[in-house]
Structure formats: C-alpha cells, structure tokens
2 protein chains.
Amino acid sequence: MATRTAIIEQIYDDIRDKILKNEYAPGSKLSENSLSSDYNCSRTPVREAIKRLEQDGFVTVLPQSGSYVKELTLKDYQHIAEVRTYLESLAFRLNCENEVDIGPFSAILDAMDSCDMENPNEVMTFSDLHFQFHLEMVKASGNEILLTTFNRLNLNTNSLLFYQRLSTQGKIQTQEEHRKILDFLEKRDATRGEKFMFAHLWRKRNAYKRSRV
Amino acid sequence: MATRTAIIEQIYDDIRDKILKNEYAPGSKLSENSLSSDYNCSRTPVREAIKRLEQDGFVTVLPQSGSYVKELTLKDYQHIAEVRTYLESLAFRLNCENEVDIGPFSAILDAMDSCDMENPNEVMTFSDLHFQFHLEMVKASGNEILLTTFNRLNLNTNSLLFYQRLSTQGKIQTQEEHRKILDFLEKRDATRGEKFMFAHLWRKRNAYKRSRV
DNA sequence: TCACTGATACTTGTATGCTAGTTTGTGTTT
DNA sequence: AAACACAAACTAGCATACAAGTATCAGTGA
C-alpha cells in the first residue's frame, strides 16, 4: 500500500502541528538537516514537507539560506480571518442543507462548559475544544475541498487566542453564541444562522483590523 | 537571488496551466521521467511540482504507479463552485471597502462585449475574459491569502464552460449581470452587491447540484 | 481458448553527492 | 577598538543512483 509516501505526510502534519501550537516559534529556523535526523530519514522527504508548508504559508524559504517559521503580521491575521469567516459561513449553510446531526457539536460545547476558566490548563483545553467546534462544522459539511482549503489556513494558537475573552464571563458569552448557532442549525435556518455565524467570526476580523497601529 | 528555485515554480505553473486549459486531459498520465526531459532537468524539480499539484487537487499520485490528471466528478465541480462563490463574495465586499477603481473591470467587460458569439474563436476569448473578470475581482481585494486560496481551486475549462450560455443571447444576459455587479461596486454597496454576486455564482452551483444523475 | 504464473520493464520513493550561494566568525589593518 | 576582508562552514538547489512496489506481457498449463 501507500505506506511509503506517508512519511512526507507524517512530517508535514507533525511540523504543521508544532507550528500551530507554537512549539516552533515564528521566525525560528527549520533546517532540513536537523529535521532529517529528527525523523531518521534523508533530506528528501523533509524537503518536500517543507515545500508544502511553504506553499500553505506556514514557512518562508530563503534560498541557500534556510527555512523559517513564518512570522505573521496583524494584516495576515486579518486576511486569514476574512477567508475563514466566509468558509465557515458556507460550511454552516451546507450543514443546514444536509441536515447534519447536531449531537457531536453539542458534546463539544458541553465539554467546553465544564472547563474551569480560572485554571490555565483548562483554559487551554477550552481553546482546543473551541477550535474543534469550528473544525467540526467544516468537516461535517461533506465538502472535501472546503475542508482542505480550511486546513491550509494558518490558524495558529496566536491567531486563535487573539482578543479571545478567556475569563469565566467570556466563556459564558462565547458559549451563548455557540448554542445559538447550534439552534439555527437544528432548525435548518440557513439564512439567519449563516448571518449569525458570519457576525460571530467577522467581529474577530474587525478586531484585527482595528488593532492596526 | 532566488532564481534557482524558480524552476519548480515554472514547471508548476506550466503544468497547472495545461491542465486548466485541458491540454493535459483528465486521467492522462504525468510521468516524472518524460516531464523531466521535457523541461531539461532532473526528476527532482518535476517531482516537487507534481507534489504541489497533488496537494492542490489537480493531480492524483498513485505510489509506485504514476501521477494522473485528476478526473473531477460533478460533485467535485459542485464543491468547487460552492467554495468559489463564497470566496468571490468576500472579494466583492473587500473591494467595496477598499473603494477600488472599477476601470480595469469595465475594460474587461467592454472587450467581452465586442466578442462575436457566432465565431468559435471569439467565444473562447469571451470565456477567457469572463474568467479574467472574476480573477481580477479577487486580485483587487488586496488579500493575498484569498488570492492564493482562489488560485488553488481547480477551475478548469470544463468547469468554467459548464452550463454557460455561449449564445449571443447568453452573452447579453451575462453581461447585464456583470454590469450590475460593477454598478454595486461603484456605489460601494457591499450588502446588496455581495448578495447579487452570490446569486450570480450560486446559480451555477445549483446547476451542478441538479445535474447529478 | 482461457486462466494462471513468472519474469521483465516500468513507475515512484528515498538516499546521497555535488554545486552554488549565504552566513558567520576570525584575523588583519587602520 | 572598530571596520573591513577573507576564509571556512553552513544552507538549500539540483542531479543521480539505488530500492521497492506495480503493471504488463509472454509463456505454460489445463
């Protein structure tokens, strides 16, 4: 089977994950040599993985110099938020049309509810679940191209935490919105639900836009 | 400078172009060997280009077997049309916000007007310009991530021509809609314009959806 | 005639070597 | 001490060699 080609995939996913989780900090170097020894393989698969990451905007490659984790500007974050808003609005509409089961979504929201926002660890869990909720929305749509497109957006931890209200009060407000989104989804109210989903995400985009110095 | 790495870029663009223009037919084989002799280089750059094309959904790579131009199903076309609709709606909104100059757009529409739809050659030109119009809309937005995302959609000739009304009558109707879009853009009427742009594109999506057999 | 088997010629996957450009650090000069 | 120049060490770009899986086709058996 196609187990061989999975090496590149695995390296790509791994590095991407570490970038999104800020384990590889923006600006830090990704050397083909050191990575190839990390993964116990030659430079070739590492190289292809880095090329893919470059294509997706996670990495900047300077020829004959090195590959570096991309440092995103506020403008980049704004642009990503804009695209994201529209992609997720589409996802919501498709989910209404497909009459998807809201069970999995409810489960995530319930798990988020039980996070204690005074405990930093659980705040982290809350953020992870928050992203899960949105990712699930895209996955459920059944549009593979939409999912691929969404996954290529550099939605790293920094971008996700930006202007997030991580207090207990903030959690309550966020969850209220999420439950409202789920209500619209349950009622298959694409028009009003999409509008609400749009507003939910576009607000963040506007935060990026305003915070330009 | 970074002239070396441009080889991959060039090969990628070239193959992508040929796929979009149906010069490489869906299902046809893209051998690394024959391509590397075509471009007078080794397999390495060709290979990286193909990997990128695979990532973008233009090519299917079967391990130890070969790379093939992806054969898109109606469902794929539908999915692409869905994503496209939302991306271009975003582009329109951004163009309103940025108060872009409608001059270049008018120029394209004028050129389209002068195409004789009884002449197959000019029908081709009309289609090219039609795509240009939509691409320009995305380019003008100033959102690089949006542009990259849009370019990665497999909007090939087949998909673009599908259910296109290529008669003189069809041209008139299409152009009316385009001029209306431009009107909204000139008035910076993001809300109503976006709605119109959305309908303009979503109709095509629905055509794909209905034509499922 | 058909079904199966096996060898062969293909394909891509991976490793490695070489080249050319960039960075860095050291030693010299002022 | 500071600035410059040069050399050495590092980087990725690309070519090539080998490994391993896949498809094809001829030949043999029934």
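Note on naming: letters A, B, ... go to the chains in the order of the sequence lines (proteins, then strands), and numbering restarts at 1 for each one.
Mapping A:Asn40 and A:Tyr68 onto DNA chain C by nearest heavy atom places A:Asn40 at the nucleotide closer to the 5' end.
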Using a cutoff of under 3.5 Å, can you pull out all pairs of nitrogen or oxygen atoms linking the protein to nucleotides 10-12 of chain D, with atom names and distances?
unit_1: D:dT11; atom_1: OP2; unit_2: A:Asn33; atom_2: ND2; d: 3.4
unit_1: D:dT11; atom_1: O3'; unit_2: A:Ser65; atom_2: O; d: 3.4
unit_1: D:dA12; atom_1: OP1; unit_2: A:Glu32; atom_2: N; d: 3.4
unit_1: D:dA12; atom_1: OP2; unit_2: A:Glu32; atom_2: N; d: 3.4

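Regarding B:Ile11, its CD1 atom lies at a distance of 8 Å from the P atom of D:dC14, rounded to whole Å. Rounded to an integer number of Å, the gap from A:Leu35 CG to C:dA15 P is 14 Å. In this structure, A:Glu9 places its CD atom 16 Å from C1' of C:dT14, rounding to the nearest Å. Between A:Ile7 atom CD1 and C:dT12 atom P there is a gap of 18 Å when expressed in whole angstrom units.
Residue A:Ser42 places at least one side-chain N or O under 4.0 Å from the OP1 or OP2 atom of C:dA15.
Taking a cutoff of 4.0 Å between a charged side-chain nitrogen and a carboxylate oxygen, B:Asp56 and A:Arg152 qualify as a salt bridge. Ion pairing of B:Glu97 with A:Lys209 is present here, as a side-chain N (NZ or NE/NH1/NH2) and a carboxylate O approach within less than 4.0 Å.
A:Tyr86 and B:Arg93 form a side-chain donor-acceptor contact under 3.5 Å, judged by distance and modelled atom types alone. Side-chain atoms of A:Asp76 and A:Thr73 form a donor-acceptor pair, as typed in the model, at a separation below 3.5 Å. Remark: the B:Glu82 side chain and the B:His79 side chain contain no N/O donor-acceptor pair separated by less than 3.5 Å.
The aromatic rings of B:His178 and B:His134 sit perpendicular to each other, their planes meeting at more than 60°, with 30° as the lower class boundary.
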